[in-house]
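Structure first, then comments.
All ligand and atom numbering here is 1-based and tracks the order in the structure.
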Amino acid sequence: MNMHALLPDVSAFLDNVQGLRIGAEKIETAEHLDVENPSTQGLIARVARAGAREIDLAVATARAALTGPWGALTPHDRGQLIWRLGDAIEENKAIFGQLDALDNGKPFHIARDVDAVYSARHFRYFAGWPSKIEGRTIPVSVPGRMNYTKVEPVGVCGLITPWNYPTLMVAWKLAPALAAGNTVVLKPAEQTPLSALFLADLALKVGFPPGVLNVVPGLGMDAGAALAAHPGVDKVGFTGSTETGRRIVEASVGNLKKVSLELGGKAANIIFADADLKRAIPGAFWALFGNNGQSCTAGARLFVHRSIRDDVVRELAKMAEGLSVGPGMELKAHDLGPVVSAAQMTKVLGYIDQGTAAGAQCMTGGARQGETGYFVAPTVLDNVADDMVIAREEIFGPVLSVLPFDEEDEVLARANDTEFGLAAGCWTQDVSRCLRMADGLKAGTIWTNTWGDTDPASPFGGMKQSGYGREMGGEAIALYSQTKSVWLG
Ligand code: NAI
Ligand code: MG
């Protein structure tokens, strides 16, 4: 196999990766995380692993930076630093791309040209905000008083991120947290800590005061739990599973820290009989197979009108068979890489077996691909019923379930019959129906005749058990701010 050579900067970084990034220091730890390449099952690096003691140190360091040099910066200067970080990410997009391709497994060209580039844009969008976070003067009815509001940072933010988009999920939280004036302790996913560590080094290089961004890889159950429970943390921003989201809420009660959660999904994607199938079929295909199904917005329940269902399923299976699947660092620009870990592969294959045992029909895929690396063959399951476990739980892998339907009212009710509510959408040439579905679907994002678009200016988040709070846009600034009401007598 022909692999991309490691960039000299990536080799140099991996040689010096050791240490938690706390303040300007690299702090060694007794225990370590073995970072595995899911494409090869080889060891990429052994990185420092934070426990409760190191979380204490990171939180104290973030607190000192908040009341120190960072808090003293003007909005202009804060915005300029955030812009510079965006530029630096884009200048180093090949490094970010290789790091994410190594520990997540996703194709290098996608990690570089999509994940890294969109991360850079996210920082640039939020770089404009610091000078535009305004309070109000309120016309209170108390004689002789003036009242105004100030919008202030929440304080020290603990950011806990997942492994599916290692750089981008950090960007989504870190950019608004910094723009609103907070300092951060970031715990990246244990499977994919490399790009977050590189980002910490880059932030110092572009001029962020030490302590504004601290990066502390570790396991969820110790570093993550310690951060979520820490009395010195004012807010936790989390993306990951609904199960872990619940634990984070429980851990937050001690000091009643603010929490925002972007959790799992089981998005319904509906193809009506009048859809433009030339767009709807590839759209629905990539809605699930994009990022190998490892997206919270994956269009996992594909409802297809019974009259077109056979044609659609045949086409989807053909497209799945045409996908190029291979190691993230292979020179050949693959469409998909492996799933992130052995545990994830076992879980995904288990769901496939459970689905076929329950009566779903496997049209293609259905098994591990190859013997090395955690590759799951792109899988299309037809005849999936609403009450099957595979139609209710998040699979988070390359498994597309097709569910036939007959009527609009029926499919709307079935689409909403889920505990999740992150995204949903439909394909139809009837604009009135688009609007009816946008009204009726219970999800934080609705895509009609498209799927997967996001933009740093447009709010993103979940209804129901997909979480609370909206990331992106002005709503993300609000998520990382608090309002003070000032009275003058
Ligand atoms: P997870 O939700 O457990 O992990 C996400 C992050 O939370 C990681 O940084 C992890 O270290 C941390 N974490 C875990 N337990 C914690 C705790 N008790 N306190 C604080 N932080 C904790 O997700 P996991 O176990 O990696 O994947 C399991 C499933 O979760 C996936 O199969 C998928 O269904 C879902 N998931 C959803 C994501 C999304 O984007 N909504 C992203 C990743 C996973
Ligand atoms: Mg977990």
inquiry  = So for Tyr165, does at least one of its heavy atoms come nearer than 4.0 angstrom to any atom of ligand 1?
reply    = no

Atoms of ligand 1 under 4.0 Å from any heavy atom of Pro162, numbered from 1 in the order shown, are 42 (C), 43 (C)

Is any heavy atom of the protein nearer than 4.0 Å to atom 13 (N) of ligand 1? yes

Checking Cys296, Ser466, Pro162 against Glu262 for side chain to side chain contact (heavy atoms under 4.5 Å, CB included), the one that qualifies is Cys296

The protein heavy atom nearest to atom 17 (C) of ligand 1 is Gly220 O, 3.4 Å

Exactly one of Ile95, Val117, Val206, Leu199 clears side chain to side chain contact (heavy atoms under 4.5 Å, CB included) with Ile89, and that residue is Leu199

Residue, atom and distance of the protein heavy atom nearest atom 7 (O) of ligand 1 read Phe238 CE1, 3.2 Å

Query raised in the report: Is a donor on one side and an acceptor on the other found under 3.5 Å between the side chain of Asn383 and the backbone of Ala360?
Result: no

**Asked** With distance as the sole test, does Asn291 use its side chain to make a donor-acceptor pair with the main-chain N or O of Asn164 at under 3.5 Å?
**Response** yes

> Distance only, no hydrogens: is a donor on one side chain within 3.5 Å (strictly under) of an acceptor on the other, for Gln465 and Arg246?
Replying inline: yes

Among Lys347, Glu393, Gln191, Gln344, closest by heavy atom to atom 29 (C) of ligand 1 is Lys347

Q: Apply ring-ring contact (aromatic ring centres under 6.0 Å, His included) to His122 and Phe126, showing your working.
A: CA-CA 6 Å; His122 215 79; Phe126 280 102; 5.2 Å; yes

*asked:* Can you tell me if Glu321 has over 12 outside heavy atoms packed within less than 6.0 Å of its CD?
replied: yes

If you measure every N/O of Arg247 against every N/O of ligand 1, is any gap under 3.5 Å? no

Exercise. Can you find a side-chain donor-acceptor pair between Ser195 and Asp100 that sits under 3.5 Å?
Worked result: yes

Between the NE2 atom in His4 and the CG atom in Leu102, the distance rounded to the nearest 0.5 Å is 11.0 Å

- Query: Are any of the protein's heavy atoms under 4.0 angstrom from atom 4 (O) of ligand 1, yes or no?
  - Reply: no

query: Can you find an N/O atom of Leu219 closer than 3.5 Å to an N/O atom of ligand 1?
result: no

**Contact check: Gly240 vs ligand 1, nitrogen or oxygen atoms, below 3.5 angstrom** = yes

Atom 26 (O) of ligand 1: closest protein heavy atom, distance to 0.1 Å, is Trp163 NE1, 2.7 Å

The protein heavy atom nearest to atom 44 (C) of ligand 1 is Phe396 CE2, 3.9 Å

Near Ile160 (heavy-atom distance under 4.0 Å), the atoms of ligand 1 are 6 (C), 7 (O), 9 (O), 12 (C), 20 (C), 21 (N)

Under 3.5 Å: N/O of Leu263 near N/O of ligand 1
yes

Any heavy atom of Thr161 under 4.0 Å from ligand 1? The part involved is backbone

Applied to residues 442-452, the side chain to side chain donor-acceptor pair (under 3.5 Å) test, sequence neighbours excluded, yields Thr450-Asp453

Among non-hydrogen protein atoms, atom 15 (N) of ligand 1 lies closest to Thr244 CG2, 3.4 Å

Out of Gly224, Gly265, Ser241, the nearest non-hydrogen contact to atom 23 (O) of ligand 1 is supplied by Ser241

The protein heavy atom nearest to atom 40 (O) of ligand 1 is Asn164 ND2, 3.3 Å

Per-atom filter on ligand 1: closer than 4.0 angstrom to a heavy atom of Lys187 are 9 (O), 10 (C), 11 (O)

Paired with Tyr468, the side chain to side chain contact (heavy atoms under 4.5 Å, CB included) test is passed by just one of Leu263, Leu261, Leu479, namely Leu261

Residues at least two apart in sequence or cross-chain that pass ring-ring contact (aromatic ring centres under 6.0 Å, His included) with Phe396, listed by chain then number, are Trp163

Per-atom filter on ligand 1: closer than 4.0 angstrom to a heavy atom of Glu394 are 33 (C), 34 (O), 35 (C), 37 (C)

- Message: Can a side-chain donor-acceptor contact be found between Ser119 and Tyr165 if the only test is distance below 3.5 angstrom?
- Response: no

Cys296 heavy atoms within 4.0 Å reach ligand 1 at atoms 39 (C), 40 (O), 41 (N)

Ligand 1 to Glu190, heavy atom cutoff 4.0 Å, flagged ligand atoms 8 (C), 10 (C), 11 (O)

